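What's counted below: heavy atoms across the whole structure, side chains too, no hydrogens, waters or symmetry copies. Model, not experiment: these values are computed from the prediction.
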Amino acid sequence: MIEVTHVSRNFGTFRAVNDVSFSIPTGQIVGLLGPNGAGKTTTMRMITGFLSPSDGKILIDGIDIAENPVDAKKKIGYMPESAPLYSDMIVEDYLRYIAEIHGEDPEEKIPVLCEECGLKEVMNKNISDLSRGNRQRVALAHSLMHDPEILILDEPTSGLDPNQVEDVRAIIREIGKTRTVIISTHILSEVETLCSRAIIISGGKLVADSPIDELRARFGNEMAVKMVLGGIDASMAEEIFKTVSGVAEVKCSESEIPETVTVLVSVKGQEEIRPELFKKVVDKNGVLYEMSVQKNSLEDVFHTLTAAKVEA
């Protein structure tokens, strides 16, 4: 359990994190999101004890990390974006070294982590010779060495190829079955894939904290109908579709098909508007090349919340 209560952090006169509060129970994978400079990394560093809050309190399983940092940090595994590995060491030797630092039995822990993080093929290789994906696996093994109850990952798949990304995500899913996991990432599809909940920070303040499905429903529109039309230009499409009951917004853009327009019609709630949209196209002698339903994405929610903050 992580409890962050009215936490702020100042750097001189600049307030990087401003009165942020949230709690995360055991066994939940949570995405921590925000634009560059929003305060995500500062928040993570305070949770891990690398930085002290200027105000507020952080409890790790009921332990105040400011008052009892050693006991609190024993419960946390942290993998920063640029994992600090000793590149001149062999993987097995490095993991043995980390085990001894934590007071763990390397003969017991290394085989388990080797299996859990998929390191069998590289245990005898020099870290400097590893691909970025395998370096991330070693960094994960490092962060898990003391069997922490909480795992904090900063951009865990940054710079990986698609196969490596899926491998690391599979490891995180397995880890998340028994631990609390916080993932900070700019890849919003990754949060939708891995996380049940998202915390969004913008301008140092918490602007959203909900299960992802609820975020989609609360911000923007839950669904939209995408159409590719011929014989109807953008201005006409906007004019005729806005008159349909249940339509919240109409957006038009260029289409890849010559002499067509792509129209995205946002829907109020769960109303079924497709028959009426089709009728409007027929009435104008238009051609319907495509009609599909799209769910409001986390990217739409993120843009709505963070853009509003920037403009304010």
Side-chain angles (χ1 to χ4, degrees), residues 2-25 28-59 65 78-82 150-158 172 180-222 224 248-249 251 264 266 294-312:
I2 300 171
E3 296 175 86
V4 176
T5 307
H6 298 297
V7 165
S8 299
R9 171 69 193 197
N10 301 325
F11 293 95
T13 59
F14 175 66
R15 176 154 283 202
V17 176
N18 188 1
D19 194 27
V20 168
S21 297
F22 58 84
S23 63
I24 304 174
Q28 194 172 77
I29 303 180
V30 175
L32 181 62
L33 307 175
N36 290 331
K40 304 186 306 297
T41 299
T42 300
T43 300
M44 295 175 78
R45 287 176 177 171
M46 287 190 289
I47 292 172
T48 56
F50 279 80
L51 290 174
S52 298
S54 301
D55 297 294
K57 181 178 289 188
I58 297 173
L59 301 181
I65 197 165
Y78 179 40
M79 190 178 86
E81 181 178 357
S82 300
I150 295 165
L151 188 64
I152 299 178
L153 308 174
D154 194 356
E155 302 285 351
T157 61
S158 175
I172 293 171
T180 301
V181 181
I182 300 178
I183 300 172
S184 175
T185 178
H186 286 96
I187 307 171
L188 299 184
S189 60
E190 186 161 87
V191 175
E192 291 185 292
T193 300
L194 290 173
C195 304
S196 58
R197 171 183 166 196
I199 295 172
I200 302 178
I201 295 175
S202 184
K205 295 184 177 181
L206 190 148
V207 295
D209 177 8
S210 292
I212 290 171
D213 288 342
E214 288 184 17
L215 282 174
R216 290 196 192 102
R218 284 170 54 202
F219 298 98
N221 297 282
E222 191 171 357
E249 187 178 14
K251 293 182 180 179
L264 194 65
S266 298
Q294 297 185 335
K295 281 284 189 180
N296 189 24
S297 70
L298 187 58
E299 185 174 348
D300 297 328
V301 173
F302 180 85
H303 178 72
T304 297
L305 290 169
T306 58
K309 186 67 183 174
V310 169
E311 289 165 6

Measure from the side-chain N and O atoms of [X] to the backbone N and O of [Y], and report whether any donor-acceptor pair falls under 3.5 Å.
X    : Y    : answer
T180 : P25  : yes
S266 : A224 : no
S202 : G34  : no

Inset, instruction - Would you indicate whether R45, at its atom CZ, is surrounded by more than 12 heavy atoms from other residues, nucleotides or ligands within a distance under 6.0 Å? - result: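 No, CZ of R45 has 12 or fewer neighbouring heavy atoms, counting only those of other groups under 6.0 Å.
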Inset, instruction - Inspect the surroundings of CZ in F11 and state if more than 12 heavy atoms from other residues, nucleotides or ligands are less than 6.0 Å away. - result: yes
Got a second to check how far [X]'s [atom1] is from [Y]'s [atom2], nearest 0.5 Å?
X    : Y    : atom1 : atom2 : value
L194 : I172 : CG    : CD1   : 5.5 Å
L151 : Y78  : CG    : OH    : 11.5 Å
L264 : K251 : CG    : NZ    : 7.0 Å
S21  : E3   : OG    : CD    : 10.5 Å
I150 : I2   : CD1   : CD1   : 4.0 Å
L32  : T41  : CG    : OG1   : 8.5 Å

I need the minimum non-hydrogen distance between [X] and [Y], along with the two atoms involved.
X    : Y    : answer
I152 : T48  : CD1-CG2, 3.5 Å
P35  : T306 : CD-CG2, 3.5 Å
M46  : S8   : SD-O, 4.1 Å
M44  : S184 : SD-CB, 3.2 Å
I47  : I65  : O-CD1, 3.1 Å
V7   : P53  : CG1-CB, 4.0 Å

Legend entry - All salt bridge (charged side-chain N to carboxylate O under 4.0 Å, His left out) counterparts of D209, not counting sequence neighbours: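 Result, salt bridge (charged side-chain N to carboxylate O under 4.0 Å, His left out) vs D209: R197.
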Inset, instruction - Just do the side-chain contact (heavy atoms from CB on, under 4.5 Å) check on I24 and I199 with the steps written out, would you? - result: CA-CA 10 Å; I24 304 174; I199 295 172; 4.3 Å; yes
Inset, instruction - Give the intermediate values and the outcome of side-chain contact (heavy atoms from CB on, under 4.5 Å) for residues R15 and D55. - result: CA-CA 11 Å; R15 176 154 283 202; D55 297 294; 3.1 Å; yes
Inset, instruction - Tell me, please, which residues at least two apart from S210 pass side chain to side chain contact (heavy atoms under 4.5 Å, CB included). - result: E214, L215, R218
Inset, instruction - Taking the side chain as every heavy atom from C-beta outward, state whether T185 and L33 have any pair of such atoms under 4.5 Å apart. - result: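 Yes, their side chains come closer than 4.5 Å.
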Legend entry - I182, V181, I183 screened by side-chain contact (heavy atoms from CB on, under 4.5 Å) with C195, the one that passes: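 One option only clears the test, and that one is I183.
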Inset, instruction - Begin with the C-alpha distance, continue with both residues' side-chain angles, and end with the deciding distance and a verdict on side-chain contact (heavy atoms from CB on, under 4.5 Å) for N36 and H186. - result: CA-CA 9 Å; N36 290 331; H186 286 96; 2.9 Å; yes
Legend entry - Full working for side-chain contact (heavy atoms from CB on, under 4.5 Å) between T43 and F22: CA-CA 11 Å; T43 300; F22 58 84; 4.3 Å; yes
